[in-house]
Amino acid sequence: MPESGAFLQPLSPTPENIARAGELLQDGQLVGFPTETVYGLGANATDDRAVARIFEAKDRPHFNPLIVHVPDMAMAQTLGRFDGRAKILVEKFWPGPLTVVVPRSETCPASKLVSAGIDTIALRIPADGLAQKILAAAGVPLAAPSANRSGKLSPTRAAHVANDLGTRVSMILDGGDCSFGIESTVVGLAGERAQLFRPGAVEAAAIEAIIGPLEQPGKSEGAMSSPGMLESHYAPERKLRMNVHDAGDGEVLLAFGPNAPDGAMRSLNLSPTGDLVEAAANLFAMLHELDSGPAKGIAVMPIPEAGLGIAINDRLRRASA
Ligand code: TXA
Ligand code: MG
């Protein structure tokens with residue numbers, strides 16, 4: 001992604017800086033901020049483009065679903081559906097380093113990109129005082145993965161964020177060292193059996209003491225080292241053909257760029273200007289829409305294999321396999 005050039009220094013969390021962070025987040029920009037686990041790379045979770053910018057800044061070669069941070073249970077319930085066991089768990093561990101994966105609510109306002117296109121959402125209320133103030137200032141749910149480039153160590157102090165992402169964010173707030181220093185525990189509560197998607201700051205045994213045994217998906221295959229790959233991703237029902245310049249018989253077209261043909265029975269353009277951030281922001285919503293019609297298949301125009309295009313093509317390749 002283009003570097004802004006300027007290398008940001010972390011700012012102290014004065015009321016003015018916190019208010020400014022809230023404005024930047026509302027405006028769709030990225031802000032590095034502390035939580036009790038690790039520093040997060042925050043963006044407005046309801047803004048498709050802002051969420052796409054997270055993946056761009058992290059150089060992620062694929063779209064992992066992201067954790068959405070909320071200030072309170074009221075906002076959590078606008079995003080996800082909590083069954084009895086989910087309510088009991090979060091009553092005990094929120095605010096704190098427990099993330100629950102629950103079904104998205106019917107009217108969930110979060111970007112489909114935070115869920116990587118599937119119908120669940122990961123939620124947590126952070127306990128850190130500064131994180132809470134930033135959530136209050138922003139007034140929107142915040143998607144926030146750890147604030148490091150893909151493959152680098154998770155940041156536990158503001159200087160780590162500055163070194164890694166200092167040219168790619170609009171602000172970094174300094175809240176000192178994170179008290180836990182490891183990520184939140186992620187528990188899946190969308191299916192019948194509760195699952196441990198990622199071990200973390202809350203001990204699994206403490207969770208099992210309340211809701212019983214946790215299933216550990218993929219543990220035998222060593223998949224716990226890449227928790228982002230554990231959950232099933234959205235795949236369209238229609239057959240998908242990549243790198244084609246026009247739709248064939250019975251196909252709808254997922255176009256990209258200014259040279260989209262207009263012969264297809266139906267066509268949506270990921271980005272008429274060829275902007276990869278816009279394309280990533282539109283990807284899941286457009287795939288869902290094209291997949292719901294009468295078409296036999298979805299033809300996809302070529303998307304450059306660079307920057308966010310790598311993650312977009314990765315997703316499309318899995319969907320066409
Ligand atoms: O401690 C933390 O949780 C930090 C701080 C900043 O809060 N955040 C963090 O976020 O680690 P992130 O987005 O990198 O964590 C993503 C984890 C991955 O293991 C991912 O697979 C899982 O949460 N996850 C997110 N949404 C999911 C979903 N819908 N289904 C299954 N797993 C999900
Ligand atoms: Mg991480």
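Whatever order the structure lists them in is the order used to number ligands and atoms, beginning at 1. Just so it is clear, the values below take in all heavy atoms, side chains as well, and ignore hydrogens, waters and symmetry mates.
- A donor-acceptor pair under 3.5 Å is absent between the side-chain atoms of Glu215 and the main chain of Arg193, judged by distance alone.
- Ranked by closest heavy atom to atom 8 (N) of ligand 1, the top entry among Gly40, Gly200, Ala144 is Ala144.
- Atom CD1 of Ile210 is surrounded by more than 12 heavy atoms from other residues, nucleotides or ligands within 6.0 Å.
- Close contacts between ligand 1 and Ala122 involve ligand atoms 25 (C), 26 (N), 27 (C) [criterion: under 4.0 Å to a heavy atom].
- Using a 4.0 angstrom heavy-atom cutoff, Asn64 does not count as in contact with ligand 1.
- Considering Asp164, Asp174, Thr156, Leu173 as possible partners of Tyr39, the one that fulfils the side-chain contact (heavy atoms from CB on, under 4.5 Å) test is Asp174.
- Contact annotation for Val101 and ligand 1: only side-chain heavy atoms (C-beta onward) come within less than 4.0 Å of the ligand.
- Annotation: Ser184 places an N or O atom under 3.5 Å from an N or O atom of ligand 1; distance criterion only.
- The minimum heavy-atom distance between Ala21 and Met171, with the atom names listed, is CB-SD, 3.7 Å.
- Here side-chain hydrogen bond (donor to acceptor under 3.5 Å, both in side chains) pairs that include residues 243-264, with residues two or more places apart or in two chains, are Arg241-Glu251.
- Counting heavy atoms only, Thr37 comes closest to atom 5 (C) of ligand 1 of the residues Thr37, Ile54, Thr185.
- A salt bridge links Arg168 with Asp59; the closest basic N to acidic carboxylate O contact falls under 4.0 Å.
- In this structure, a donor-acceptor pair under 3.5 Å is present between the side chains of Arg198 and Ser184.
- For Arg124, a nitrogen or oxygen atom sits less than 3.5 Å from a nitrogen or oxygen atom of ligand 1, counting backbone and side chain alike.
- Asn148 and Ser146 share a donor-acceptor pair across their side chains, judged by distance under 3.5 Å alone.
- Side-chain contact annotation: Asp48 with Ser111, donor-acceptor N/O pair under 3.5 Å present.
- To the nearest 0.5 Å, the span separating CG on Leu89 from CZ on Arg85 amounts to 9.0 Å.
- In terms of heavy-atom proximity, Pro126 sits nearest to Val70 at CD-O, 3.7 Å.
- Not a single heavy atom of Lys58 sits under 4.0 Å from any atom of ligand 1.
- Counting the atoms of ligand 1 from 1 in the order shown, those under 4.0 Å from a heavy atom of Phe197 are 31 (C), 32 (N).
- The shortest N or O to N or O distance between Val186 and ligand 1 is not below 3.5 Å.
- Backbone and side-chain nitrogen or oxygen atoms of Ser115 are examined, and none is located within less than 3.5 angstrom of a nitrogen or oxygen of ligand 1.
- Around the Mg ion (ligand 2), protein N, O or S atoms at less than 2.8 Å comprise Ser146 OG.
- Looking at Thr120 next to ligand 1, an N or O pair under 3.5 Å apart turns up.
- Under 4.0 angstrom from ligand 1, the non-hydrogen atoms of Glu183 come from both its backbone and its side chain.
- Using a 3.5 Å distance cut-off with no hydrogens or angles, the side chains of Arg124 and Thr37 do pair a donor with an acceptor.
- Counting heavy atoms closer than 4.0 Å to ligand 1, residue Arg60 contributes side-chain atoms (C-beta onward) but none from N, CA, C or O.
- With Ile121 as the fixed residue, the side-chain contact (heavy atoms from CB on, under 4.5 Å) test singles out one of Pro65, Ser115, Ser105, Pro141: Ser115.
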